[in-house]
Engineer: 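One structure follows; several queries about it will come next.
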Amino acid sequence: MPSVRHTRLQCQVFVILIGVCACFSDVDPVSIATATGMQTNGDAFKIEGRAIVPGVRLQDWISTARVIVEGEEHVGFFRVDGIFTVNDVPAGSYVVQVVSPLYRFEPVRVDITTKGKMRARLVNYIKPSEVVRLPYPLQMRSIGPHSYFVKRETWGWSDFLMNPMVMMMVLPLVVIVLLPKVVNTNDPEMRREMEQSMNMLNPNHELPDVSEFMTKLFSSKSPTKTGGVVGRVPKGGATKRR
Amino acid sequence: MSWLRYSFAVFLYLLQCTDAVFEDQVGKFDWRQQYVGNVRFAFFDTHSQASKKLLVATEKNIFASLNSRTGELFWRHVDKTGPEGNIDALLVHGQDAVVVVGDGRVLRCWETNIGGLNWEVLLDTGSFQSAAFIGVQDFVKYVAVLKKSAISLHYLSNGHQKWVENLPDSDTVQYQTVYSGGQGEVLVLGLVPNSHIVIVSYNIEDGEIMEQMSVEAPWMSSLEESCVVVGRGILLCIDPITLSLYTLPLNLEEKAEMNQILLQSLDLEVSSGFQPLLTATQPNPARPPLTAFFLQLGPEHHILLDLSDGIITALRDFKPSRLATFATTGEKTVVGVMAPKNETACSINLFTVDTGRRLLDTTVIYHLDPSGGKPNKLHIQAFLKKDDSVGYRAMVQTEDFALTFLQQPGRVVWSREEALADVITMEMVDLPLTGTQAELEGEFGKKAAIQDGLFAMVLKRLSSQLILLQTTIGHLWKLFYDARKPRSQVKNEVTFETLSRDEFNLQKMMVMVTASGKLFGIDSKSGSILWKHYLENIQPDSAFNLMVQRTTAHFPHPPQCTLLVKDKETGLASLHVFNPIFGKKSHISVPALPRPILQTLLLPLMDQDYGKILLLIDDQYKVTAFPSNKNVLQQLQESASSIYFYLVDSSQGRLSGFRLRKDLSSELIWEVVIPVEVQKIVEVKGKRPNEHVHSQGRVMGDRSVLYKYLNPNLLAVVTESTDTHQERSFVGIVLIDGVTGRIIHDAVQKKAKGPVHFVHSENWVVYEYWNVKSRRIEFSVLELFEGMELYNSTVFSSLDRPHPPQVLQQSYIFPSPISTLEATLTEKGITSRHLLVGLPSGAILSLPKMFLDPRRPEMVSDQSREENLIPYAPELPIRAEWFINYNQTVARVRGIYTAPSGLESTCLVVAYGLDIYQTRVYPSKQFDVLKDDYDYVLISSVLLGLFFATMISKRLAEVKLLNRAWR
């Protein structure tokens with residue numbers, strides 16, 4: 001029973017979604033497509049809007065900015081209050097862009113029917129007929145300055161130390177070098193305690209343990225090494241003394 | 001939704017391959033020069049004494065504000081090209097500049113300080129005649145715009161239309177001028193040619209016709225050319241036939257007649273064949289014009305006259321005088337006159353307007369540029385000095401579109417070469433070796449070795465080594481000296497003496513050909529113009545073809561460039577041969593070309609002086625060789641059977657291939673006809689002759705090799721359908737072998753239209769078109785492969801290639817319109833290629849060719865990953881980091897020129913359009929030199945540290961060993 005109820009709920013959600021879609025696509029794209037076909041006759045219209053760059057005064061950027069419609073087919077300029085008008089645009093569908101060398105703006109697609117009805121929507125090149133409405137007259141809001149430059153990779157100690165590879169190398173080194181000095185391994189009690197804790201951590205005795213292997217390696221090496229040297233030195237010393 | 005996943009994969013890929021500009025590299029090896037084009041209207045801002053603004057409107061549909069002290073741009077507004085953006089009139093009043101655009105379609109008022117619009121209004125259609133400010137009681141309040149059949153009045157404050165009225169009898173009367181004397185009257189002057197003048201007076205409040213009268217003037221053919229308004233509303237006209245002046249008071253009630261004054265009665269004589277010209281001035285639109293006016297009687301003769309109470313008096317006769325103009329500052333109006341001084345210089349002087357007296361200490365000497373054009377306009381910026389006398393600066397405009405700004409006593413403050421706003425074609429030429437380098441070269445020359453003995457040669461060798469040492473020390477000293485100075489002060493003055501090739505051949509000479517016929521030689525490192533040469537008598541709209549016949553590599557022969565100038569209408573061409581380093585015209589005799597030239601061909605063959613042979617094919621398919629001496633003709637005869645060329649006749653849709661015969665005629669080999677009723681040939685492109693391809697094939701994921709089809713004779717032909725209906729329009733691309741005429745591949749892109757931009761290089765063609773159905777720009781790439789085996793790996797012959805190539809194609813969406821397309825080019829072709837895409841926003845995008853690879857898989861497999869193929873994504877990315885010119889946008893980019901440098905990793909790029917931008921790009925990063933951010937300090941400190949560490953540890957180890965030995 002619960003599963004059935006669940007599917008019904010899903011169905012409802014689905015229906016609502018379709019409804020929303022229908023609301024958005026109130027102007028069918030077919031009529032617009034025909035409008036682009038007969039661009040030559042009919043009246044010319046104007047595209048209006050306003051652009052703002054948050055936190056920047058208008059006079060600091062409008063002299064270098066302009067509005068271009070579908071390449072440079074139509075050009076509009078900014079008024080000192082940030083409002084722009086692109087004149088003499090025949091019916092059709094156009095991508096309107098605010099170009100400024102300093103600030104980035106998202107392009108907007110504007111559809112104009114032969115009767116002069118305007119509609120603005122998001123630019124979607126992959127699905128050109130998808131309609132996500134935007135307000136008209138256009139409200140262009142900058143999404144920040146252009147990021148033309150890449151940051152150089154600067155070399156610093158913090159970068160070097162925080163590098164994961166370095167951390168992986170340094171931390172075990174610290175452990176290996178410092179731990180034996182802090183903990184007195186020669187103390188038999190301590191050793192027993194450590195072994196116990198190791199056993200607790202590693203209940204599976206079958207598996208070769210890394211730490212064990214390491215300790216073995218180190219403990220076996222150092223005696224042989226010292227032994228070897230010790231064995232040789234008296235010889236040399238003896239010969240010298242003779 | 002799968003594309004989303006792919007785009008994520010692409011994004012991941014992008015993280016690895018970021019090829020961009022670093023912020024500290026700004027201006028290090030790139031520069032931009034901004035231009036506005038030939039100035040049509042220029043106004044100095046006289047609003048305040050301290051103002052530095054110079055407002056210009058140009059033939060390139062640009063309205064800009066220049067800094068009159070430096071010549072740099074304050075701001076610039078680029079309107080659309082063509083007649084729709086054409087600036088018809090510019091009126092300046094205070095802070096406001098009113099511009100009429102597009103044959104009176106748009107009226108704009110600019111706020112000149114900020115560079116933004118005050119207002120913009122759309123006017124009714126109708127051909128524009130004239131515009132004027134209308135003043136009411138000493139105050140400029142309105143703008144009147146006169147069209148062919150209507151007049152409208154607009155408020156200057158907000159652009160709102162006060163009234164618009166139709167003009168009476170506009171089908172017979174040509175209304176040409178609107179005039180206001182500042183008393184609130186609006187007078188429209190019209191003319192019925194060779195019959196009478198019509199004067200209509202409008203009420204300023206409601207546009208009602210107050211008065212209308214007509215005056216007989218059977219001799220007059222144009223009002224604008226022959227009439228001016230002088231003084232308190234007196235129309236003054238000149239009749240070039242009877243050589244007399246006519247005056248007519250405009251504010252008379254009753255029927256009036258024109259009062260004739262013969263020029264003879266004033267003791268004035270017009271040069272024969274010269275159309276006399278009148279010039280008057282109205283310094284303040286709210287006041288009537290001045291009574292003084294200029295009458296030009298000959299090409300070098302002006303006279304300043306005064307008309308008061310119907311009597312004309314001569315104030316001053318300027319003979320000889322080239323240019324004369326009025327200038328106003330505050331309440332004072334002066335006259336600036338340019339008079340020829342001698343062959344190479346002119347002098348500019350100021351005179352008072354009311355008496356014609358010369359003002360003391362106002363002489364400015366203007367030196368004529370021997371490689372430039374004649375001056376054709378004079379603009380005077382007058383200002384009041386502290387002692388209330390008039391000072392001035394002068395701007396001289398010459399016929400080669402140059403602006404020179406002068407200060408007393410003749411110092412050139414700045415100059416602008418506006419011809420560079422319209423670069424047609426360019427080439428980059430290697431710089432010559434320095435004197436010492438050349439001397440070293442000369443030492444090993446054959447002639448020298450034979451003439452001198454052994455001892456002399458040894459001496460020579462030693463001396464040249466000494467010189468080399470000396471220059472090296474000098475260079476090091478200079479480096480050391482410069483390093484101590486702050487970076488901004490180090491000025492590398494480039495002159496011909498210091499001009500020499502650098503280590504990696506990164507500095508070259510840019511030879512630029514402009515539409516006005518002026519040639520420039522620009523240093524690519526600094527952007528300074530090293531030479532210029534103005535070719536006179538160039539028809540506007542000519543075609544130019546620039547070829548480098550001899551490079552600088554053949555010392556002691558000077559390098560040689562040849563420019564073919566072709567008149568588009570007649571097809572007749574002429575050659576200009578010059579040295580690209582110094583710009584000097586060469587004395588080599590140039591063949592006469594009596595017939596129209598269809599095609600030019602620069603052969604890889606060289607004559608005995610190492611100049612490449614240029615073939616010119618005329619409309620009878622006869623071939624002219626340049627240079628043409630015995631040696632050349634012999635070489636041509638020997639290799640005639642392997643010289644092929646093609647011709648394109650787009651009006652008949654015909655492509656034809658020819659072969660050279662031994663007697664320098666040619667025979668038709670093949671012909672392809674593309675029916676003009678269906679489609680037209682837009683462009684034909686071969687490959688660039690200086691292009692190298694390093695790898696013959698591509699290694700696939702399974703270790704087999706896919707060989708490229710590298711046909712050097714391949715032509716890419718792009719056609720567009722004549723039917724522009726969106727359902728039936730198409731773009732076609734045909735790949736034809738230029739020798740055999742064999743069609744290698746043929747593709748049609750349905751529901752597409754131009755403009756098509758394309759690049760043809762290596763084994764690929766990338767083209768771009770407009771998808772009509774989806775309303776978007778699409779890129780398509782064609783790649784040609786021979787297959788897994790190479791037919792003849794040593795040499796490619798078009799005549800012996802039995803297997804047709806395999807063609808792969810893929811298309812992508814490009815999320816922006818584009819202006820131009822070019823590919824990077826490097827010395828050996830090892831570096832990966834990038835496409836340079838000029839966008840209408842002015843940015844130049846460097847798009848890795850890797851994104852346009854038809855083998856990009858839809859499903860990622862191990863093999864494709866091994867090959868480094870990016871998974872297919874329909875949309876190509878545009879990222880701001882890929883803009884090679886960061887915020888230095890290039891307005892109306894028309895072409896991008898790429899040239900290899902001496903470094904394999906580096907490609908030199910010049911983008912030209914309205915602006916010129918030069919930079920370097922590294923498509924595969926700088927793999928062959930240390931990067932400029934290379935951390936020398938770190939590496940040396942690490943090395944030193946390691947060195948000392950080993951020393952110390954060695955010492956410690958020794959001590960330890962010793963201690964152990966003692967134990």
Side-chain angles (χ1 to χ4, degrees), chain A residues 32-34 36-37 44 46 58-60 62-66 68 70-85 87-88 92-95 97 99-102 104 107 109 123 125-129 145-155 229-230 233-234 236-237 240, chain B residues 3 18 20-26 74-81 84-85 102 105-106 108 111 113-120 122 725-727 772-777 813-819 840-843 874-875 880-881 883 886-889 892 933 935 938 964-967:
Chain A
I32 294 154
T34 47
T36 31
K46 60 181 174 184
L58 276 164
Q59 62 241 50
D60 293 340
I62 54 166
S63 64
T64 51
R66 58 179 184 151
I68 56 174
E70 213 66 72
E72 271 183 307
E73 233 170 83
H74 305 279
V75 178
F77 298 106
F78 283 99
R79 260 171 42 183
V80 282
D81 53 2
I83 290 174
F84 64 85
T85 317
N87 292 312
D88 278 344
S93 175
Y94 304 93
V95 174
Q97 247 177 315
V99 290
S100 158
L102 303 171
R104 244 176 92 196
R109 186 176 280 283
V123 177
Y125 287 110
I126 292 170
K127 288 183 194 156
S129 54
H146 283 290
S147 55
Y148 291 117
F149 304 110
V150 216
K151 269 207 152 176
R152 269 205 198 278
E153 287 175 24
T154 48
W155 199 90
V229 175
V230 170
V233 169
K240 258 189 182 172
Chain B
W3 65 271
T18 42
V21 189
F22 297 108
E23 198 155 4
D24 54 289
Q25 287 180 324
V26 164
F74 280 128
W75 48 260
R76 177 182 72 175
H77 286 291
V78 182
D79 209 338
K80 52 182 159 176
T81 51
E84 282 172 73
R105 182 67 179 146
V106 185
R108 289 195 182 117
E111 155 59 60
N113 278 340
I114 301 172
L117 280 172
N118 278 329
W119 46 263
E120 180 182 50
L122 205 63
H725 189 272
Q726 83 170 89
E727 289 295 317
V772 182
K773 193 177 168 231
S774 308
R775 295 192 294 268
R776 64 192 179 202
I777 295 287
I813 301 163
F814 191 69
S816 166
I818 82 164
S819 305
S841 65
E875 197 167 333
E881 287 95 328
F883 292 156
Y886 47 105
N887 65 2
Q888 306 286 300
T889 52
R892 283 195 202 144
D933 66 330
D935 206 335
L938 180 73
R964 230 172 246 163
W966 279 106
R967 204 177 284 165

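Here is the naming used below: chain letters follow the sequence lines, and residue numbers restart at 1 for every chain.
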Engineer: Test B:R108 against B:D79 for salt bridge (charged side-chain N to carboxylate O under 4.0 Å, His left out), laying out the working first.
Structural biologist: CA-CA 12 Å; B:R108 289 195 182 117; B:D79 209 338; 3.0 Å; yes
Engineer: A:Y125: which residues meet the side-chain hydrogen bond (donor to acceptor under 3.5 Å, both in side chains) condition with it, sequence neighbours left out?
Structural biologist: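 A:Y125 satisfies side-chain hydrogen bond (donor to acceptor under 3.5 Å, both in side chains) with no residue once adjacent residues are dropped.
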Engineer: Mind checking whether B:F22 and A:F149 have ring centres under 6.0 Å apart?
Structural biologist: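 Centroid separation for B:F22 and A:F149: 6.0 Å or greater.
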Engineer: Do you know which of B:I813, B:I818, B:V78, B:N118 has the most heavy-atom pairs with chain A at a distance under 4.5 angstrom?
Structural biologist: B:V78
Engineer: Can you tell me which of A:Q97, A:H146, A:K46, A:R109 forms the most heavy-atom pairs within a distance under 4.5 Å of chain B?
Structural biologist: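 Max contact count across the listed options: A:R109.
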Engineer: Can you tell me which of B:A880, B:S841, B:A843 forms the most heavy-atom pairs within a distance under 4.5 Å of chain A?
Structural biologist: B:A880
Engineer: Under 4.5 Å heavy-atom distance to chain B, tell me which part of A:L102 shows up: side chain, backbone, both or neither.
Structural biologist: side chain
Engineer: Take the angle between the ring planes of A:Y148 and B:F883 and call it parallel below 30°, perpendicular above 60°, tilted in between.
Structural biologist: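 Judged by the thresholds at 30° and 60°, the geometry between A:Y148 and B:F883 is tilted.
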Engineer: Can you list the steps and then say if B:R105 with A:D88 is a salt bridge (charged side-chain N to carboxylate O under 4.0 Å, His left out)?
Structural biologist: CA-CA 9 Å; B:R105 182 67 179 146; A:D88 278 344; 2.6 Å; yes
Engineer: Does any heavy atom of chain B fall under 4.5 Å from the side chain of A:R104, the backbone, both, or neither of them?
Structural biologist: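 Looking at A:R104, nothing touches chain B.
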Engineer: Please identify, among A:V123, A:N87, A:V99, the residue contributing the most non-hydrogen atom pairs under 4.5 Å to chain B.
Structural biologist: A:N87
Engineer: Checking A:K151 against chain B: side chain, backbone, both or neither under 4.5 Å from a heavy atom?
Structural biologist: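 Answer is backbone: N, CA, C or O of A:K151 sit under 4.5 Å from chain B.
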Engineer: Between B:S774 and chain A, which part of the residue has a heavy atom less than 4.5 Å away: side chain, backbone, both or neither?
Structural biologist: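 Both backbone and side chain.
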Engineer: Check side chain to side chain contact (heavy atoms under 4.5 Å, CB included) between B:P840 and all other residues, then give those that pass, not counting sequence neighbours.
Structural biologist: A:I68, A:E72, B:S816, B:P817, B:S819
